[in-house]
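The structure appears below as structure tokens.
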Amino acid sequence: LHLCYALTFENRAREGISMLEESIRVAEARGFAARHSLRLAYVSEAYLAESRLEDAFSAGTRALELASAHQERANEAYALRALGEIARRNGHLSEAEARFNAALKAAEQLQMRPLAAHCYRTLGEILEAKQQPDNAAALRGNASALAHAMGMRFWGESLVESSVDK
């Protein structure tokens with residue numbers, strides 16, 4: 001499952017989608033509920049990487065519904081992030097901000113630090129787009145601090161570079 005998702009970020013989204021869709025088909029055919037919302041959240045982001053916005057929205061919405069119904073708060077956070085990315089891609093910055101804030105709140109409560117760092121970074125980008133550079137810089141700073149604290153050097157360095165470039 002996680003390998004399929006990782007392929008999305010290695011410019012191999014089509015391969016990841018194929019594997020995720022098969023995993024979803026098997027899970028649904030066998031009635032597996034465990035982690036199904038996470039499968040859907042992952043395929044939502046993979047679809048987004050391939051610019052399949054309708055498929056991404058459908059999978060993300062279903063992921064959020066299932067995660068909420070099964071009280072899977074961690075998976076709910078991933079689904080919120082996916083829906084936030086979709087809203088941002090569609091230019092709905094206020095909706096994207098709300099989704100990312102909800103994902104960040106859950107990530108912080110559940111101590112999901114990598115997800116929290118991603119949320120801070122993206123919220124910074126959203127606020128930059130909304131012409132709020134001071135708030136954006138503070139959020140990017142939070143993301144960078146978390147990345148460094150977790151030893152995510154490459155990612156943390158890219159955050160610092162993107163903050164300087166902007």
Side-chain angles (χ1 to χ4, degrees), residues 1-93 95-126 129 143 146-147 150-159 162:
L1 179 63
H2 300 295
L3 169 64
C4 305
Y5 182 60
L7 291 172
T8 299
F9 301 103
E10 290 296 320
N11 295 320
R12 295 171 59 189
R14 287 185 187 166
E15 188 178 347
I17 288 168
S18 174
M19 295 166 72
L20 283 164
E21 287 175 339
E22 180 62 20
S23 174
I24 289 166
R25 277 191 291 279
V26 168
E28 290 176 351
R30 295 184 181 171
F32 296 155
R35 298 166 41 121
H36 196 55
S37 58
L38 185 59
R39 284 182 199 89
L40 290 164
Y42 281 0
V43 80
S44 175
E45 288 198 57
Y47 287 146
L48 185 61
E50 288 291 306
S51 298
R52 292 173 55 182
L53 299 179
E54 289 181 26
D55 291 333
F57 181 77
S58 177
T61 299
R62 193 161 164 236
L64 182 58
E65 290 168 355
L66 285 175
S68 296
H70 294 253
Q71 298 179 346
E72 300 171 333
R73 293 187 59 225
N75 297 346
E76 187 174 347
Y78 281 109
L80 286 164
R81 175 189 164 185
L83 290 170
E85 285 289 355
I86 295 162
R88 181 168 77 134
R89 176 81 64 91
N90 284 324
H92 305 293
L93 296 181
E95 178 185 346
E97 183 179 3
R99 298 278 193 187
F100 273 98
N101 275 319
L104 176 61
K105 181 179 178 183
E108 288 179 330
Q109 288 173 345
L110 298 170
Q111 299 180 1
M112 300 168 68
R113 293 171 37 188
L115 180 59
H118 282 281
C119 289
Y120 276 124
R121 180 179 66 176
T122 306
L123 280 165
E125 293 169 358
I126 290 168
L146 266 176
M150 290 182 286
M152 297 171 68
R153 289 186 315 165
F154 175 78
W155 193 67
E157 291 166 5
S158 69
L159 282 172
S162 68

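Keep in mind that the numbers below use all heavy atoms, side chains included, and drop hydrogens, waters and symmetry copies. Not measured: the values here are computed from a predicted model.
The shortest distance between side-chain heavy atoms of Phe100 and His118 does not fall below 4.5 Å. A heavy-atom distance below 4.5 Å is found between the side chains of Pro114 and Met150. Side-chain contact between Ile24 and His36: present, with at least one pair of heavy atoms (C-beta onward) separated by less than 4.5 Å. Side-chain contact between Leu93 and Glu97 is absent, with no heavy atoms from C-beta onward closer than 4.5 Å.
In this structure, CG on Leu66 lies 10.0 Å from CG on Asn75, to the nearest 0.5 angstrom. To the nearest 0.5 Å, atom CD of residue Glu21 and atom CG of residue Asp55 are 8.0 Å apart. Here the CD-CD distance, from Glu76 to Glu65, works out to 11.5 Å after rounding to the nearest 0.5 Å. Taking OG of Ser68 as the start and CZ of Arg73 as the end, the distance is 10.5 Å to the nearest 0.5 Å.
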Derivation of the salt bridge (Lys or Arg N to Asp or Glu O under 4.0 Å) call for Arg25 and Glu22: CA-CA 5 Å; Arg25 277 191 291 279; Glu22 180 62 20; 3.1 Å; yes

With side-chain hydrogen bond (donor to acceptor under 3.5 Å, both in side chains) as the test, would you mind laying out the steps for Tyr78 and Glu72 before giving the verdict? CA-CA 10 Å; Tyr78 281 109; Glu72 300 171 333; over 6 Å; no

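Among residues two or more places apart in sequence or in another chain, the salt bridge (Lys or Arg N to Asp or Glu O under 4.0 Å) test is passed with Glu28 by Arg62.
Within 6.0 Å of CZ in Arg30 there are 12 or fewer heavy atoms belonging to other residues, nucleotides or ligands.
When all heavy atoms are compared, the tightest approach of Ala56 to Leu48 is CB-N, 3.8 Å. Heavy atoms only, all atoms of each residue included: Ala77 and Ala106 are closest at CB-CB, 3.9 Å. Ala63 and Leu40 make their closest contact through CB-CB, 3.6 Å (heavy atoms, listed as atom of the first residue, atom of the second, distance). Closest non-hydrogen pair, Ala143 versus Arg121, comes out as CB-N, 3.5 Å. The shortest non-hydrogen separation linking Leu146 to Ala117 is CD1-N, 3.7 Å.
Under the 3.5 Å distance criterion, the side-chain polar atoms of Ser58 are left unmatched by any main-chain donor or acceptor of Glu54. Judged purely by atom type and a 3.5 angstrom limit, Thr61 uses its side chain to pair as donor or acceptor with the backbone of Phe57.
For the salt bridge (Lys or Arg N to Asp or Glu O under 4.0 Å) condition, the pairs that include at least one residue of residues 79-90, sequence neighbours left out, are Glu45-Arg81, Glu85-Arg88, Arg88-Glu125.
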Only pairs under 3.5 Å count here: list side-chain donor-acceptor contacts from residues 11-20, not counting sequence neighbours, and write none if there are none.
| from | atom 1 | to | atom 2 | distance (Å) |
| --- | --- | --- | --- | --- |
| Arg12 | NE | Glu15 | OE1 | 2.9 |
| Arg12 | NH2 | Glu15 | OE1 | 2.8 |
| Arg12 | NH2 | Glu15 | OE2 | 3.0 |
| Arg14 | NE | Glu50 | OE1 | 2.9 |

